[in-house]
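Throughout, numbering of the chain's residues begins at 1 and tracks the sequence. Not measured: the values here are computed from a predicted model. Hydrogens, waters and symmetry mates are skipped; everything else that's a heavy atom, side chains included, is used.
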Amino acid sequence: MLDFLTNSDYARKEIENAIQFRRLWSDMSHELIRKAAGRDFRSDWGDGEDMHENLHHEYVVNFVPNMIDANPAVEVTSAMLPDDHPGVLAVGEGLNGWIRQTNMAAVLTEMATDVCFDCAIGMVSLSDVPGYDDDAEDLSDRWDLGAEIAPGRPMWPKLDRISFRRYFKDPQSTQGRYRGHIWVRDKEDLLKATITTPDGRQIPKFDHEAVNALSTDVGVDEVIRDTQGEYSRALDGPSRQQVVGYEWYCPETGLLYTMGYVPTGRGDGRHAFLRKPRKFVGHPRGPYVEIGVNIVPDQIYPLPPLAVTASLVREIDAHSGQASEDAASAKRLVLIDGNSATLKEGITTGANGSVVVAPGFNGQFAQVEFGGAQPANLAHIEHLKERWERMTGINDTIRGNITGATATETNLAQQSSDVRTRFARRQFQAGVIQLLENAAYLMHESNQVRFYVKVKDPATQQMVPRLFVGGPQPGAEFMRFTDLQFAIKPYSMEFVD
(Lines give C-alpha, C1' and ligand atoms only; values in the text may rest on other atoms or scores of the structure.)
Protein backbone atom coordinates (compact mmCIF):
# COMPACT_ATOMS: atom_id res chain seq x y z
CA MET A 1 0.00 0.00 0.00
CA LEU A 2 1.30 3.47 -0.82
CA ASP A 3 2.24 5.47 2.30
CA PHE A 4 0.99 8.73 0.84
CA LEU A 5 -2.58 7.48 1.03
CA THR A 6 -2.52 8.21 4.76
CA ASN A 7 0.38 10.70 5.15
CA SER A 8 -0.33 14.07 3.52
CA ASP A 9 3.25 15.37 3.66
CA TYR A 10 4.57 12.20 2.07
CA ALA A 11 1.81 12.54 -0.51
CA ARG A 12 2.96 16.05 -1.42
CA LYS A 13 6.52 14.80 -2.02
CA GLU A 14 5.21 11.98 -4.18
CA ILE A 15 2.99 14.33 -6.19
CA GLU A 16 5.74 16.95 -6.56
CA ASN A 17 7.99 14.24 -7.98
CA ALA A 18 5.26 13.26 -10.45
CA ILE A 19 4.78 16.93 -11.46
CA GLN A 20 8.51 17.45 -12.01
CA PHE A 21 8.62 14.31 -14.14
CA ARG A 22 5.64 15.48 -16.21
CA ARG A 23 7.40 18.78 -16.86
CA LEU A 24 9.99 16.89 -18.91
CA TRP A 25 7.20 16.68 -21.51
CA SER A 26 5.13 19.80 -20.83
CA ASP A 27 8.13 22.16 -20.91
CA MET A 28 8.80 20.99 -24.47
CA SER A 29 5.19 21.43 -25.51
CA HIS A 30 5.23 25.02 -24.20
CA GLU A 31 7.74 25.86 -26.91
CA LEU A 32 5.64 24.12 -29.56
CA ILE A 33 2.59 26.16 -28.49
CA ARG A 34 4.57 29.38 -28.56
CA LYS A 35 5.90 28.69 -32.05
CA ALA A 36 2.50 27.67 -33.39
CA ALA A 37 0.94 30.89 -32.06
CA GLY A 38 3.79 33.10 -33.29
CA ARG A 39 5.46 36.22 -31.98
CA ASP A 40 2.44 38.43 -32.62
CA PHE A 41 0.04 36.51 -30.37
CA ARG A 42 1.18 38.15 -27.11
CA SER A 43 3.28 41.21 -26.45
CA ASP A 44 5.61 39.28 -24.12
CA TRP A 45 6.25 36.67 -26.83
CA GLY A 46 7.90 39.21 -29.12
CA ASP A 47 11.41 37.97 -28.30
CA GLY A 48 10.72 34.59 -29.88
CA GLU A 49 12.14 33.45 -33.19
CA ASP A 50 10.40 34.21 -36.47
CA MET A 51 8.39 31.30 -37.90
CA HIS A 52 8.79 31.89 -41.63
CA GLU A 53 6.93 28.66 -42.40
CA ASN A 54 4.47 28.17 -39.55
CA LEU A 55 4.05 24.47 -40.20
CA HIS A 56 3.03 23.77 -36.59
CA HIS A 57 -0.06 25.92 -37.05
CA GLU A 58 -0.73 24.38 -40.46
CA TYR A 59 -0.64 20.91 -38.95
CA VAL A 60 -3.10 21.82 -36.17
CA VAL A 61 -5.68 23.45 -38.47
CA ASN A 62 -5.62 20.38 -40.74
CA PHE A 63 -5.38 17.71 -38.00
CA VAL A 64 -8.17 18.84 -35.68
CA PRO A 65 -11.01 18.87 -38.27
CA ASN A 66 -9.96 15.39 -39.34
CA MET A 67 -10.38 14.16 -35.76
CA ILE A 68 -13.59 15.90 -34.74
CA ASP A 69 -16.08 17.92 -36.78
CA ALA A 70 -19.40 16.98 -35.13
CA ASN A 71 -20.82 15.26 -32.08
CA PRO A 72 -20.26 11.50 -32.16
CA ALA A 73 -23.22 9.19 -32.56
CA VAL A 74 -22.85 6.02 -30.50
CA GLU A 75 -24.15 2.52 -31.10
CA VAL A 76 -24.67 0.50 -27.92
CA THR A 77 -24.94 -3.27 -28.20
CA SER A 78 -24.49 -6.29 -25.94
CA ALA A 79 -22.73 -9.58 -26.45
CA MET A 80 -25.02 -11.29 -23.92
CA LEU A 81 -28.40 -9.63 -24.43
CA PRO A 82 -30.57 -8.77 -27.42
CA ASP A 83 -30.12 -5.30 -28.85
CA ASP A 84 -33.74 -4.44 -27.98
CA HIS A 85 -33.17 -5.17 -24.28
CA PRO A 86 -34.63 -2.22 -22.29
CA GLY A 87 -31.34 -1.62 -20.52
CA VAL A 88 -29.32 -1.58 -23.75
CA LEU A 89 -31.81 0.75 -25.42
CA ALA A 90 -31.95 3.05 -22.38
CA VAL A 91 -28.18 3.48 -22.16
CA GLY A 92 -28.02 4.16 -25.91
CA GLU A 93 -30.78 6.77 -25.73
CA GLY A 94 -29.31 8.41 -22.64
CA LEU A 95 -25.76 8.47 -23.97
CA ASN A 96 -26.64 9.94 -27.36
CA GLY A 97 -28.99 12.47 -25.76
CA TRP A 98 -26.28 13.52 -23.31
CA ILE A 99 -23.75 13.93 -26.12
CA ARG A 100 -26.03 16.30 -28.01
CA GLN A 101 -27.21 18.28 -24.99
CA THR A 102 -23.72 18.88 -23.63
CA ASN A 103 -22.26 19.45 -27.13
CA MET A 104 -19.45 17.01 -26.50
CA ALA A 105 -17.76 18.07 -29.75
CA ALA A 106 -16.76 21.41 -28.19
CA VAL A 107 -14.65 19.72 -25.50
CA LEU A 108 -13.35 17.12 -27.96
CA THR A 109 -12.14 19.92 -30.25
CA GLU A 110 -10.02 21.31 -27.40
CA MET A 111 -8.74 17.82 -26.64
CA ALA A 112 -7.88 17.17 -30.31
CA THR A 113 -5.81 20.36 -30.21
CA ASP A 114 -4.08 19.13 -27.03
CA VAL A 115 -3.16 15.89 -28.81
CA CYS A 116 -1.10 17.87 -31.34
CA PHE A 117 1.10 19.45 -28.66
CA ASP A 118 1.30 16.88 -25.87
CA CYS A 119 -1.44 14.68 -24.40
CA ALA A 120 -5.20 15.25 -24.04
CA ILE A 121 -6.74 14.60 -20.62
CA GLY A 122 -10.49 14.19 -20.14
CA MET A 123 -12.25 13.78 -16.80
CA VAL A 124 -15.80 12.43 -16.41
CA SER A 125 -17.60 13.00 -13.13
CA LEU A 126 -21.15 13.12 -11.79
CA SER A 127 -22.51 16.67 -11.73
CA ASP A 128 -25.75 18.58 -11.23
CA VAL A 129 -27.87 19.06 -14.33
CA PRO A 130 -27.66 22.81 -15.14
CA GLY A 131 -30.78 24.90 -14.75
CA TYR A 132 -32.31 23.18 -11.72
CA ASP A 133 -32.54 24.68 -8.26
CA ASP A 134 -34.29 23.77 -5.05
CA ASP A 135 -37.61 25.01 -6.43
CA ALA A 136 -37.31 23.19 -9.75
CA GLU A 137 -39.96 20.77 -10.91
CA ASP A 138 -39.83 17.29 -9.46
CA LEU A 139 -38.72 15.14 -12.36
CA SER A 140 -39.94 12.00 -10.60
CA ASP A 141 -43.51 13.02 -11.41
CA ARG A 142 -42.75 12.87 -15.12
CA TRP A 143 -41.25 9.39 -15.30
CA ASP A 144 -43.72 7.14 -17.05
CA LEU A 145 -42.11 3.75 -16.45
CA GLY A 146 -42.22 3.79 -12.68
CA ALA A 147 -38.46 3.68 -12.04
CA GLU A 148 -37.30 4.43 -8.53
CA ILE A 149 -35.60 7.80 -8.34
CA ALA A 150 -32.95 8.69 -5.78
CA PRO A 151 -33.54 11.81 -3.64
CA GLY A 152 -31.74 15.04 -4.39
CA ARG A 153 -31.09 17.15 -7.44
CA PRO A 154 -31.05 15.60 -10.92
CA MET A 155 -27.52 14.73 -12.06
CA TRP A 156 -25.71 13.63 -15.19
CA PRO A 157 -22.15 12.96 -16.34
CA LYS A 158 -19.90 15.96 -16.90
CA LEU A 159 -16.90 15.94 -19.23
CA ASP A 160 -14.06 18.35 -18.45
CA ARG A 161 -10.87 18.95 -20.32
CA ILE A 162 -7.91 18.92 -17.92
CA SER A 163 -4.81 20.81 -19.01
CA PHE A 164 -1.84 18.49 -19.41
CA ARG A 165 0.11 21.06 -17.39
CA ARG A 166 -2.22 20.50 -14.42
CA TYR A 167 -2.08 16.72 -14.64
CA PHE A 168 0.15 14.23 -12.86
CA LYS A 169 0.48 10.46 -12.61
CA ASP A 170 2.71 7.78 -11.13
CA PRO A 171 6.09 8.21 -12.91
CA GLN A 172 7.14 4.62 -12.31
CA SER A 173 4.58 2.82 -14.45
CA THR A 174 2.71 3.26 -17.71
CA GLN A 175 -0.42 1.98 -15.95
CA GLY A 176 0.18 4.08 -12.85
CA ARG A 177 -0.78 3.47 -9.23
CA TYR A 178 -2.34 6.93 -9.09
CA ARG A 179 -3.24 9.85 -11.35
CA GLY A 180 -4.72 13.22 -10.56
CA HIS A 181 -4.84 16.94 -11.27
CA ILE A 182 -4.28 20.34 -9.68
CA TRP A 183 -7.09 22.82 -9.16
CA VAL A 184 -7.37 26.45 -8.03
CA ARG A 185 -10.56 27.52 -6.29
CA ASP A 186 -11.88 30.33 -4.10
CA LYS A 187 -11.52 29.49 -0.43
CA GLU A 188 -15.02 30.80 0.21
CA ASP A 189 -16.47 28.37 -2.33
CA LEU A 190 -14.90 25.44 -0.50
CA LEU A 191 -16.52 26.54 2.73
CA LYS A 192 -19.92 26.91 1.07
CA ALA A 193 -19.83 23.60 -0.80
CA THR A 194 -22.21 20.90 0.44
CA ILE A 195 -23.22 17.38 -0.51
CA THR A 196 -26.51 15.56 -0.08
CA THR A 197 -26.55 12.44 2.10
CA PRO A 198 -28.68 9.40 1.18
CA ASP A 199 -31.31 10.56 3.65
CA GLY A 200 -31.49 14.01 2.01
CA ARG A 201 -29.42 16.05 4.50
CA GLN A 202 -26.97 18.75 3.38
CA ILE A 203 -23.52 18.44 4.97
CA PRO A 204 -20.23 20.30 4.31
CA LYS A 205 -18.29 18.89 1.39
CA PHE A 206 -14.88 19.84 2.80
CA ASP A 207 -13.37 19.77 6.29
CA HIS A 208 -13.91 23.37 7.44
CA GLU A 209 -11.04 23.24 9.94
CA ALA A 210 -8.62 22.13 7.22
CA VAL A 211 -9.96 24.66 4.71
CA ASN A 212 -9.73 27.56 7.17
CA ALA A 213 -6.09 26.65 7.80
CA LEU A 214 -5.23 26.83 4.08
CA SER A 215 -2.94 29.61 2.93
CA THR A 216 -4.66 31.79 0.33
CA ASP A 217 -2.87 32.73 -2.91
CA VAL A 218 0.18 30.60 -2.08
CA GLY A 219 1.20 28.59 -5.13
CA VAL A 220 -1.43 30.13 -7.43
CA ASP A 221 1.14 32.02 -9.53
CA GLU A 222 3.23 28.85 -9.82
CA VAL A 223 0.25 26.92 -11.17
CA ILE A 224 -0.52 29.68 -13.67
CA ARG A 225 3.11 29.85 -14.82
CA ASP A 226 3.17 26.09 -15.13
CA THR A 227 0.02 26.23 -17.25
CA GLN A 228 0.87 29.20 -19.44
CA GLY A 229 4.64 28.77 -19.52
CA GLU A 230 7.63 30.00 -17.55
CA TYR A 231 7.78 33.02 -19.85
CA SER A 232 4.43 34.26 -18.50
CA ARG A 233 4.52 37.35 -16.36
CA ALA A 234 3.29 37.11 -12.80
CA LEU A 235 -0.33 38.17 -12.55
CA ASP A 236 -0.55 41.33 -10.48
CA GLY A 237 -3.83 42.37 -8.94
CA PRO A 238 -5.93 42.15 -5.79
CA SER A 239 -6.04 38.89 -3.89
CA ARG A 240 -8.78 36.52 -4.97
CA GLN A 241 -8.40 34.49 -1.78
CA GLN A 242 -7.74 31.37 -3.82
CA VAL A 243 -6.20 28.10 -2.72
CA VAL A 244 -4.41 25.33 -4.58
CA GLY A 245 -5.62 21.76 -4.22
CA TYR A 246 -4.50 18.35 -5.42
CA GLU A 247 -6.96 15.58 -6.21
CA TRP A 248 -6.01 12.08 -7.27
CA TYR A 249 -7.47 8.62 -7.77
CA CYS A 250 -5.86 5.37 -6.66
CA PRO A 251 -7.10 2.24 -8.51
CA GLU A 252 -5.75 -0.02 -5.76
CA THR A 253 -8.17 1.40 -3.23
CA GLY A 254 -10.85 2.77 -5.54
CA LEU A 255 -10.74 5.99 -3.51
CA LEU A 256 -10.36 9.69 -4.30
CA TYR A 257 -8.06 11.90 -2.23
CA THR A 258 -8.04 15.71 -1.88
CA MET A 259 -5.25 17.74 -0.32
CA GLY A 260 -4.28 21.40 0.20
CA TYR A 261 -1.35 23.49 1.49
CA VAL A 262 -1.26 24.71 5.10
CA PRO A 263 1.44 27.18 6.30
CA THR A 264 3.19 26.59 9.62
CA GLY A 265 4.47 30.12 10.29
CA ARG A 266 8.11 29.00 10.11
CA GLY A 267 8.62 29.80 6.42
CA ASP A 268 7.71 26.31 5.35
CA GLY A 269 4.44 24.45 5.36
CA ARG A 270 2.67 21.16 5.48
CA HIS A 271 -0.20 19.62 3.60
CA ALA A 272 -3.54 18.44 4.89
CA PHE A 273 -6.34 16.32 3.50
CA LEU A 274 -9.36 18.54 2.81
CA ARG A 275 -11.80 15.64 2.64
CA LYS A 276 -11.85 12.14 3.94
CA PRO A 277 -10.81 9.58 1.33
CA ARG A 278 -14.01 8.65 -0.47
CA LYS A 279 -15.15 5.97 -2.85
CA PHE A 280 -15.01 7.05 -6.45
CA VAL A 281 -18.42 6.84 -8.11
CA GLY A 282 -17.68 5.89 -11.68
CA HIS A 283 -15.91 3.54 -14.03
CA PRO A 284 -13.24 1.35 -12.36
CA ARG A 285 -10.54 2.90 -14.56
CA GLY A 286 -11.10 6.15 -12.70
CA PRO A 287 -12.25 9.58 -13.85
CA TYR A 288 -9.27 10.34 -16.09
CA VAL A 289 -8.76 9.34 -19.72
CA GLU A 290 -5.54 10.08 -21.61
CA ILE A 291 -5.59 10.45 -25.39
CA GLY A 292 -2.43 10.45 -27.49
CA VAL A 293 -1.45 9.42 -31.00
CA ASN A 294 2.05 7.95 -30.92
CA ILE A 295 2.89 5.36 -28.27
CA VAL A 296 6.53 5.21 -27.14
CA PRO A 297 7.43 1.84 -25.55
CA ASP A 298 7.79 1.96 -21.76
CA GLN A 299 7.19 5.73 -21.58
CA ILE A 300 4.28 6.98 -19.48
CA TYR A 301 3.22 9.73 -21.91
CA PRO A 302 2.68 9.56 -25.69
CA LEU A 303 4.73 11.30 -28.36
CA PRO A 304 2.87 14.35 -29.77
CA PRO A 305 2.80 14.67 -33.57
CA LEU A 306 4.36 18.15 -33.53
CA ALA A 307 7.35 16.85 -31.57
CA VAL A 308 8.03 14.29 -34.32
CA THR A 309 8.62 17.00 -36.91
CA ALA A 310 9.95 19.76 -34.63
CA SER A 311 13.61 19.42 -35.73
CA LEU A 312 12.60 19.36 -39.39
CA VAL A 313 10.46 22.48 -38.93
CA ARG A 314 13.42 24.25 -37.31
CA GLU A 315 15.56 23.38 -40.32
CA ILE A 316 12.90 24.60 -42.76
CA ASP A 317 12.57 27.87 -40.85
CA ALA A 318 16.33 28.37 -40.78
CA HIS A 319 16.57 28.03 -44.58
CA SER A 320 13.43 30.11 -45.09
CA GLY A 321 14.92 32.84 -42.91
CA GLN A 322 18.08 32.80 -45.01
CA ALA A 323 16.00 33.01 -48.19
CA SER A 324 14.13 36.00 -46.75
CA GLU A 325 17.39 37.78 -45.94
CA ASP A 326 18.73 37.05 -49.41
CA ALA A 327 15.54 38.33 -51.01
CA ALA A 328 15.71 41.53 -48.93
CA SER A 329 19.26 42.18 -50.17
CA ALA A 330 18.32 41.87 -53.83
CA LYS A 331 19.00 44.91 -56.02
CA ARG A 332 18.22 45.73 -59.64
CA LEU A 333 20.40 48.50 -61.13
CA VAL A 334 20.60 50.31 -64.48
CA LEU A 335 24.05 51.23 -65.79
CA ILE A 336 24.18 54.31 -68.10
CA ASP A 337 26.67 56.81 -69.44
CA GLY A 338 27.86 58.85 -66.49
CA ASN A 339 27.79 62.04 -68.53
CA SER A 340 24.00 61.93 -68.94
CA ALA A 341 22.91 63.71 -65.75
CA THR A 342 19.38 64.25 -67.04
CA LEU A 343 18.92 60.52 -67.72
CA LYS A 344 20.39 59.61 -64.35
CA GLU A 345 17.92 61.90 -62.58
CA GLY A 346 15.00 60.61 -64.63
CA ILE A 347 15.76 56.94 -63.89
CA THR A 348 16.24 57.62 -60.20
CA THR A 349 13.12 59.71 -59.57
CA GLY A 350 10.83 58.99 -62.51
CA ALA A 351 7.54 57.21 -61.99
CA ASN A 352 6.87 53.88 -63.64
CA GLY A 353 5.91 54.42 -67.30
CA SER A 354 7.15 58.02 -67.43
CA VAL A 355 9.06 59.47 -70.40
CA VAL A 356 12.50 60.90 -69.72
CA VAL A 357 13.99 63.35 -72.25
CA ALA A 358 17.78 63.12 -72.19
CA PRO A 359 19.58 65.18 -74.88
CA GLY A 360 22.64 63.44 -76.23
CA PHE A 361 21.71 59.96 -74.91
CA ASN A 362 23.32 57.40 -77.16
CA GLY A 363 21.12 54.45 -76.11
CA GLN A 364 23.87 52.66 -74.24
CA PHE A 365 22.64 51.16 -70.93
CA ALA A 366 22.60 47.84 -69.07
CA GLN A 367 20.21 46.41 -66.47
CA VAL A 368 21.90 44.25 -63.83
CA GLU A 369 20.67 42.40 -60.68
CA PHE A 370 22.59 41.61 -57.51
CA GLY A 371 21.77 39.25 -54.62
CA GLY A 372 18.31 37.74 -54.15
CA ALA A 373 17.17 34.31 -52.99
CA GLN A 374 19.42 31.54 -54.22
CA PRO A 375 17.74 28.92 -56.43
CA ALA A 376 19.58 26.08 -54.68
CA ASN A 377 18.30 27.25 -51.28
CA LEU A 378 14.72 27.54 -52.56
CA ALA A 379 14.91 24.07 -54.06
CA HIS A 380 16.18 22.66 -50.75
CA ILE A 381 13.31 24.31 -48.88
CA GLU A 382 10.83 22.61 -51.20
CA HIS A 383 12.62 19.29 -50.66
CA LEU A 384 12.35 19.71 -46.87
CA LYS A 385 8.66 20.64 -47.10
CA GLU A 386 7.99 17.54 -49.18
CA ARG A 387 9.67 15.50 -46.44
CA TRP A 388 7.44 17.23 -43.84
CA GLU A 389 4.36 16.33 -45.89
CA ARG A 390 5.45 12.69 -46.06
CA MET A 391 5.95 12.58 -42.29
CA THR A 392 2.68 14.28 -41.39
CA GLY A 393 0.37 13.20 -44.21
CA ILE A 394 -0.62 16.86 -44.71
CA ASN A 395 -0.62 17.39 -48.47
CA ASP A 396 -2.55 19.44 -51.01
CA THR A 397 -5.37 16.89 -50.98
CA ILE A 398 -5.88 17.41 -47.25
CA ARG A 399 -5.56 21.17 -47.64
CA GLY A 400 -8.11 21.16 -50.47
CA ASN A 401 -5.61 22.39 -53.08
CA ILE A 402 -5.75 19.79 -55.86
CA THR A 403 -6.02 21.92 -58.99
CA GLY A 404 -3.83 20.74 -61.87
CA ALA A 405 -3.38 17.20 -60.52
CA THR A 406 -4.50 14.11 -62.33
CA ALA A 407 -7.03 11.74 -60.82
CA THR A 408 -4.30 9.13 -60.33
CA GLU A 409 -2.02 11.59 -58.54
CA THR A 410 -4.87 12.71 -56.32
CA ASN A 411 -5.79 9.11 -55.40
CA LEU A 412 -2.18 8.22 -54.56
CA ALA A 413 -1.79 11.31 -52.38
CA GLN A 414 -5.12 10.60 -50.67
CA GLN A 415 -4.21 6.96 -49.98
CA SER A 416 -0.84 7.94 -48.52
CA SER A 417 -2.46 10.56 -46.31
CA ASP A 418 -5.33 8.29 -45.30
CA VAL A 419 -2.95 5.80 -43.66
CA ARG A 420 -1.68 8.44 -41.23
CA THR A 421 -5.08 10.06 -40.80
CA ARG A 422 -6.82 6.76 -40.12
CA PHE A 423 -4.24 5.79 -37.52
CA ALA A 424 -4.52 9.13 -35.72
CA ARG A 425 -8.31 9.04 -35.93
CA ARG A 426 -8.40 5.49 -34.58
CA GLN A 427 -6.23 6.48 -31.61
CA PHE A 428 -8.35 9.54 -30.91
CA GLN A 429 -11.65 7.68 -31.20
CA ALA A 430 -10.35 4.95 -28.87
CA GLY A 431 -9.92 7.62 -26.22
CA VAL A 432 -13.35 9.09 -26.98
CA ILE A 433 -14.91 5.65 -26.50
CA GLN A 434 -13.29 5.44 -23.05
CA LEU A 435 -14.82 8.80 -22.18
CA LEU A 436 -18.21 7.55 -23.38
CA GLU A 437 -17.81 4.37 -21.34
CA ASN A 438 -17.12 6.48 -18.26
CA ALA A 439 -20.29 8.50 -18.89
CA ALA A 440 -22.37 5.40 -19.67
CA TYR A 441 -21.17 3.72 -16.48
CA LEU A 442 -22.72 6.51 -14.41
CA MET A 443 -25.97 6.18 -16.35
CA HIS A 444 -26.02 2.44 -15.84
CA GLU A 445 -25.22 2.51 -12.14
CA SER A 446 -26.93 5.56 -10.66
CA ASN A 447 -30.61 6.48 -10.63
CA GLN A 448 -29.55 9.96 -9.57
CA VAL A 449 -28.81 10.43 -13.27
CA ARG A 450 -31.94 11.80 -14.90
CA PHE A 451 -32.48 14.23 -17.74
CA TYR A 452 -34.73 14.60 -20.76
CA VAL A 453 -33.80 13.02 -24.10
CA LYS A 454 -35.44 13.00 -27.52
CA VAL A 455 -36.54 9.54 -28.67
CA LYS A 456 -38.54 8.33 -31.65
CA ASP A 457 -42.15 7.48 -30.88
CA PRO A 458 -42.85 3.99 -32.32
CA ALA A 459 -46.41 4.94 -33.22
CA THR A 460 -45.89 8.33 -34.89
CA GLN A 461 -42.18 8.01 -35.80
CA GLN A 462 -41.79 11.55 -34.43
CA MET A 463 -39.10 12.67 -32.01
CA VAL A 464 -40.65 13.23 -28.58
CA PRO A 465 -39.13 14.16 -25.18
CA ARG A 466 -38.77 11.49 -22.53
CA LEU A 467 -37.11 11.47 -19.15
CA PHE A 468 -34.09 9.22 -18.93
CA VAL A 469 -33.45 7.73 -15.49
CA GLY A 470 -30.26 5.80 -14.86
CA GLY A 471 -29.85 2.60 -12.92
CA PRO A 472 -31.78 -0.66 -13.42
CA GLN A 473 -34.61 -0.30 -15.90
CA PRO A 474 -38.13 -1.34 -14.82
CA GLY A 475 -39.20 -4.81 -15.88
CA ALA A 476 -35.80 -5.66 -17.36
CA GLU A 477 -33.58 -8.53 -16.31
CA PHE A 478 -30.28 -7.76 -14.62
CA MET A 479 -27.63 -6.35 -16.96
CA ARG A 480 -23.95 -6.00 -16.14
CA PHE A 481 -22.14 -2.99 -17.49
CA THR A 482 -19.42 -5.24 -18.85
CA ASP A 483 -22.05 -6.80 -21.13
CA LEU A 484 -22.31 -3.52 -23.04
CA GLN A 485 -20.25 -2.66 -26.09
CA PHE A 486 -19.79 0.84 -27.48
CA ALA A 487 -18.89 1.92 -31.00
CA ILE A 488 -18.84 5.30 -32.69
CA LYS A 489 -20.98 5.22 -35.81
CA PRO A 490 -18.88 5.66 -38.96
CA TYR A 491 -18.44 9.23 -40.18
CA SER A 492 -20.55 10.66 -37.34
CA MET A 493 -17.60 12.71 -36.05
CA GLU A 494 -16.32 13.69 -39.49
CA PHE A 495 -17.27 16.24 -42.11
CA VAL A 496 -18.95 14.51 -45.04
CA ASP A 497 -19.26 16.57 -48.20
Side-chain angles (χ1 to χ4, degrees), residues 22-69 105-122 160-167 181-182 184 220-237 290-294 301-325 381 384-385 388-389 391-394 398-401 424 428:
R22 185 260 299 148
R23 284 175 178 157
L24 298 177
W25 283 264
S26 58
D27 286 350
M28 298 299 294
S29 63
H30 273 309
E31 289 305 310
L32 295 175
I33 292 171
R34 190 174 183 179
K35 290 178 179 179
R39 295 175 56 180
D40 298 320
F41 177 62
R42 285 174 45 167
S43 61
D44 58 344
W45 288 11
D47 59 345
E49 60 187 277
D50 284 320
M51 301 298 292
H52 301 276
E53 299 274 356
N54 198 338
L55 295 175
H56 290 326
H57 176 72
E58 181 172 352
Y59 182 87
V60 173
V61 298
N62 284 283
F63 175 88
V64 174
N66 274 281
M67 297 301 106
I68 175 69
D69 187 73
V107 181
L108 293 181
T109 299
E110 295 183 60
M111 296 180 66
T113 305
D114 288 337
V115 167
C116 298
F117 295 96
D118 33 48
C119 177
I121 310 297
D160 288 299
R161 173 239 178 204
I162 301 296
S163 169
F164 182 63
R165 278 153 285 281
R166 292 196 182 190
Y167 180 67
H181 73 286
I182 307 167
V184 177
V220 174
D221 277 358
E222 180 182 355
V223 173
I224 294 175
R225 287 195 303 270
D226 203 21
T227 303
Q228 298 186 5
E230 290 299 327
Y231 41 78
S232 291
R233 297 170 178 171
L235 300 180
D236 297 326
E290 300 175 11
I291 304 180
V293 173
N294 304 299
Y301 295 117
L303 171 65
L306 292 184
V308 175
T309 59
S311 60
L312 179 58
V313 170
R314 284 194 294 269
E315 185 178 0
I316 293 173
D317 277 313
H319 287 283
S320 297
Q322 182 62 54
S324 296
E325 292 178 5
I381 292 172
L384 294 175
K385 291 174 70 174
W388 179 83
E389 290 181 355
M391 294 177 66
T392 61
I394 304 296
I398 292 294
R399 298 185 186 102
N401 304 326
F428 186 76

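Rounding to the nearest 0.5 angstrom, the gap separating the CG atom in Leu32 from the CG atom in Leu306 is 5.5 Å. Atoms OG and CD1, from Ser26 and Ile33 in turn, are 9.5 Å apart once rounded to the nearest 0.5 Å. A distance of 9.5 Å separates CD1 of Ile316 from OG of Ser311, quoted to the nearest 0.5 Å. Atom NE2 of His56 is separated from atom CZ of Arg34 by 13.0 Å, given to the nearest 0.5 angstrom. The CD1 atom of Ile381 lies 7.0 Å from the CD atom of Glu53; values are rounded to the nearest 0.5 Å. Distance check, rounded to the nearest 0.5 Å: CG of Leu384 to CD of Glu315 gives 4.5 Å.
Aromatic pair Phe117/Phe164: centroids not less than 6.0 angstrom apart.
The shortest heavy-atom contact between Asn66 and Asn62 is ND2-O, 2.7 Å. Smallest separation of non-hydrogen atoms from Val107 and Asp160: CG1-C, 4.5 Å. Nearest heavy atoms, Pro65 versus Val60: CD-O, 4.1 Å. In this structure, Ala36 and Asn54 approach most closely via the heavy-atom pair O-ND2, 3.1 Å. Between Ala120 and Met111 the shortest heavy-atom distance is CB-O, 3.3 Å. For Pro305 against Tyr59, the heavy-atom pair with the smallest separation is CB-OH, 3.3 Å.
Ile121 places none of its side-chain heavy atoms less than 4.5 Å from the side chain of His181. Under the 4.5 Å side-chain criterion, counting only non-hydrogen atoms from C-beta, Arg166 is in contact with Val223. Using a 4.5 Å cut-off on side-chain heavy atoms (C-beta onward), Met391 and Leu312 make contact. Taking 4.5 Å as the limit, every side-chain heavy atom of Val293 sits out of range of all side-chain heavy atoms of Pro302. Contact annotation: the side chain of Tyr167 approaches that of Tyr301 to within less than 4.5 Å [non-hydrogen atoms, C-beta and beyond].
When the side chain to side chain donor-acceptor pair (under 3.5 Å) test is applied to Gln322, the partners found at least two apart in sequence or on another chain are Asp326. Glu290 meets the salt bridge (charged side-chain N to carboxylate O under 4.0 Å, His left out) test with Lys169, Arg179; sequence neighbours excluded.
For the pair Ser320 (side chain) and Asp317 (backbone), a donor-acceptor distance under 3.5 Å is absent.
At most 12 non-hydrogen atoms from other residues, nucleotides or ligands lie less than 6.0 angstrom from NE2 of His57.
The pair Arg22-Asp226 meets the salt-bridge criterion, since a charged nitrogen lies less than 4.0 angstrom from a carboxylate oxygen.
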**OP:** Assess whether side chain to side chain contact (heavy atoms under 4.5 Å, CB included) is satisfied between Asp118 and Arg165, documenting all intermediate values.
**Re:** CA-CA 10 Å; Asp118 33 48; Arg165 278 153 285 281; 2.8 Å; yes

